[in-house]
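Before any comments, here is the structure.
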Number of protein chains: 4
Amino acid sequence: MTDSKKVRRTSGKRERLATAAAQVLHAQGVAQTTLADIAQAAEVPVGNVYYYFKTKDDLVEAAIGAQAENLRGMIAALDELPAPAERLKALLAGWVEQRELTARYGCPTGTLASELDKRADGLDRSIATVMRALLDWAEQQFRAMGRADARELAVALIASYQGISLLTNTFRDPDLMTAEAHRLERWIDSLTEGPTTGDDDARE
Amino acid sequence: MTDSKKVRRTSGKRERLATAAAQVLHAQGVAQTTLADIAQAAEVPVGNVYYYFKTKDDLVEAAIGAQAENLRGMIAALDELPAPAERLKALLAGWVEQRELTARYGCPTGTLASELDKRADGLDRSIATVMRALLDWAEQQFRAMGRADARELAVALIASYQGISLLTNTFRDPDLMTAEAHRLERWIDSLTEGPTTGDDDARE
Amino acid sequence: MTDSKKVRRTSGKRERLATAAAQVLHAQGVAQTTLADIAQAAEVPVGNVYYYFKTKDDLVEAAIGAQAENLRGMIAALDELPAPAERLKALLAGWVEQRELTARYGCPTGTLASELDKRADGLDRSIATVMRALLDWAEQQFRAMGRADARELAVALIASYQGISLLTNTFRDPDLMTAEAHRLERWIDSLTEGPTTGDDDARE
Amino acid sequence: MTDSKKVRRTSGKRERLATAAAQVLHAQGVAQTTLADIAQAAEVPVGNVYYYFKTKDDLVEAAIGAQAENLRGMIAALDELPAPAERLKALLAGWVEQRELTARYGCPTGTLASELDKRADGLDRSIATVMRALLDWAEQQFRAMGRADARELAVALIASYQGISLLTNTFRDPDLMTAEAHRLERWIDSLTEGPTTGDDDARE
DNA sequence: TATGAATGAGGTTTCATTCAT
DNA sequence: CATGAATGAAACCTCATTCAT
């Protein structure tokens, strides 16, 4: 009733839960993660979770939202760079930086998509939205590089990332990520060099 | 009474279970699938499953084995083709053929790998073996094409496939697979065009 | 609303379960007892048991703990008596008092030990600890009586009790307990009569 | 149909099962032992067990019978000895010989009695019969020694054995058996020395 | 007789969700 | 808002027993 209570509106617990959920779900997978796991990670009593999230799926959705937020932040940072090719290569660098985490748990977005796509919930659409945002951004970069086949190139790039993340995780070998990133870097370079109007998408 | 009954001694129930498991697990995911689901798909009473498989994980492993068997069959068929580049392109064609299934459920091996890698069982190693077999085969083809960087190319190819499978599934859009396959086809062609110190068709 | 409700904060359900478990396990044996049996005896829903005990074995261990507690209480009461021989004879009297229960179900500690010793759990060690406590106490009494062979006498006494409990139970005949207790009483008396280098009443 | 088939009447499989059951039940306990365990130990296919024993309890009963047979054999051997006190002491010696087995699994008869007494079957009566046979035999010996309280002494002796078996098993310490056997030996000696008409049952 | 296979009842365990305070 | 406790549906798994051959 007092103001002091009104001021710290949600006391940040909701956000804390979403962040914890994102981390734990990435590390353990949706099915293997219990509400208690997330509650514990967020240092919130289990019963209290339901004040903020009506159901477990709601919490998963919030975790997806947290991931979307992360992605937005990353993209914003990349957009600071002047040239589109530079931005894309900075994206690659970020992937390489995360390679240890990827080797252990895979790409956060990809593993979530893979698991949720088997469900009839709306959750599968939520994660698709996040994936599409990344795709759209990449497409913009390729378009800014003057490529008419920007969408196709964007799909190819993100697919390569998702796939190498899977392999990196499957074989628990972060070096796979490093090598593929280098390959993709050279590929991006090759796209800018040639006459931009051609269909020069040969990957090597 | 008929011979047909005598011939398949054990009535093939074990195999039927493994096959059913492979299908259902692909369609629903490991965690969402109950033993009852698989038993029903195989038209076997639940309790009877345990006569053939000691635990659920054993059954999952059998499903992985069934997948490995599929892969071996596919590879054997591809190996009938004379040139390595042709073989790789035939592989791509197979992926395109499966695009509808992939759009609904993703790549059978990839989704399984993604889900199982979060577990401490030996199952994660089993599926990794299947993945490695495909990788090794692709490497052989690139090597037969005279490429010194055969491993890297193989990783790139399989990663692209896994990634585009994920996107195809995420967006429920089989055309993504088709387009990417075409791109990869052109890519493979580009690899053979350049001067590559011969030894083009050595199969092994 | 009343204080009585506030006082026993956790409503004592955990303890109630442990006590019920001790009784039911004594009456039915560990293997023949289902969690549902115990839950019902404690008037607790089955699912709720797992809020207090992670596994059935945990509950069994709690039951052993309840037994240990009983034993401590009994020993504390016996220790009120001035002379060690009196204490031992009071112990015998307690056994006789329990003879009907023993005829039906055997000695709670002994039957549990017998059943649990066939298992690889730590449970067999837990019950051994309870048994040892009784043994140690008896040894102290004999030592206080000036007997150098106190340990051996303690072992003989407890063995006689365990054995006669078994026979009493096997033949469903409480009189066996009564008769043997009398015999043991005379035996204890005979130990004090002889010259035994004093130090008769040193309690510890 | 042929004679050869008639000759090896039951091919000894029934007996083999009973013997195997006795061993396995002693080692693992009734509840922890499955029919498959026993069948395997007897090298008999599981399904075949039911040709010889209508139910698991029937097989347990047969195991009890095998134990009774053992006991009869042992008693017959002891009866070869000239003096009753010698016979009893030979019994003690047998117990000491078995001490390692007892430390691991307890007394075969006692553990079985303890476990079966919790059941409403007739099995509890079967094992009681075995126990009574031993008791009766011991009573005879004491009576032959001229003791009027022969029954009471027999009960005391067997109780001591059952109890020390339990302790030996609980603490996994075969030496307990050895020490107690020596004590009982001295006790038996003390019974013969005095005037046989007295109530000289003081145990030390 | 002999036997691999089949069956289903029953037990343990997990966990999302609800509720009383 | 907060929270420990409660609940029941559903999953996995075991095994005595039966059956077809």
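Model, not experiment: these values are computed from the prediction. In what follows, every chain begins at residue 1, and chains take the letters A, B, ... in the order their sequences are listed.
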Problem - Candidate pair D/Glu115 and D/Asp124, rule side-chain contact (heavy atoms from CB on, under 4.5 Å), full reasoning - result: CA-CA 9 Å; D/Glu115 201 171 352; D/Asp124 53 346; over 6 Å; no
Practice task
List in numerical order all residues of residues 20-51 of chain B for which some heavy atom is under 4.0 Å away from an atom belonging to DNA chain E.
Solution key: B/Pro45, B/Gly47, B/Asn48, B/Tyr51
Please state how far atom [atom1] in [X] lies from atom [atom2] in [N], giving the value in whole angstrom units.
| X | N | atom1 | atom2 | value |
| --- | --- | --- | --- | --- |
| C/Leu59 | E/dG11 | CG | P | 16 Å |
| C/Lys54 | E/dT14 | NZ | P | 8 Å |
| A/Leu17 | E/dA16 | CG | P | 14 Å |
| B/Phe53 | F/dT14 | CZ | C1' | 18 Å |

Handout entry: D/Lys13 (side chain) donor-acceptor with D/Ala42 (main chain) under 3.5 angstrom
Key = no
Exercise for the section: Could you tell me whether A/Glu15 atom CD has more than 12 heavy atoms of other residues or ligands within 6.0 Å of it? Expected result: no
Exercise for the section: Would you sketch DNA chain E in dot-bracket for me? Only Watson-Crick or G-U wobble pairs with both distances under 3.5 Å count, crossing pairs as [ ], other-strand pairs as |, the rest as dots. Expected result: .||||||||||||||||||||
Problem - Closest-nucleotide 5' rank along DNA chain F - winner of B/Thr55 and D/Thr55 - result: B/Thr55
Handout entry: Pairing residues for B/Phe53 by the ring pair (Phe, Tyr, Trp, His ring centres under 6.0 Å) criterion, not counting sequence neighbours
Key =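 Ring pair (Phe, Tyr, Trp, His ring centres under 6.0 Å) check on B/Phe53 returns nothing, list empty.
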Handout entry: Pairs flagged by ring pair (Phe, Tyr, Trp, His ring centres under 6.0 Å) wherever residues 106-125 of chain D is involved - sequence neighbours left out
Key =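 Every candidate ring pair (Phe, Tyr, Trp, His ring centres under 6.0 Å) pair involving residues 106-125 of chain D fails, so no pair, neighbours aside, qualifies.
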Handout entry: Proximal nucleotide (of E/dA6, F/dA6, F/dC13) relative to the B/Tyr52 side chain
Key =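 My answer, after comparing the listed nucleotides, is E/dA6.
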Problem - Those residues that, when tested against C/Gln40, pass side chain to side chain donor-acceptor pair (under 3.5 Å) (two or more places apart) - result: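 Listed in chain order: nothing, the list is empty.
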Handout entry: Residues which pass side chain to side chain donor-acceptor pair (under 3.5 Å) with D/Thr34, listed by chain and number, not counting sequence neighbours
Key =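 Result, side chain to side chain donor-acceptor pair (under 3.5 Å) vs D/Thr34: D/Asp37.
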Practice task
Using a strict 4.0 Å threshold on nitrogen-to-oxygen distance, state whether D/Arg104 and C/Asp117 make a salt bridge.
Solution key: no
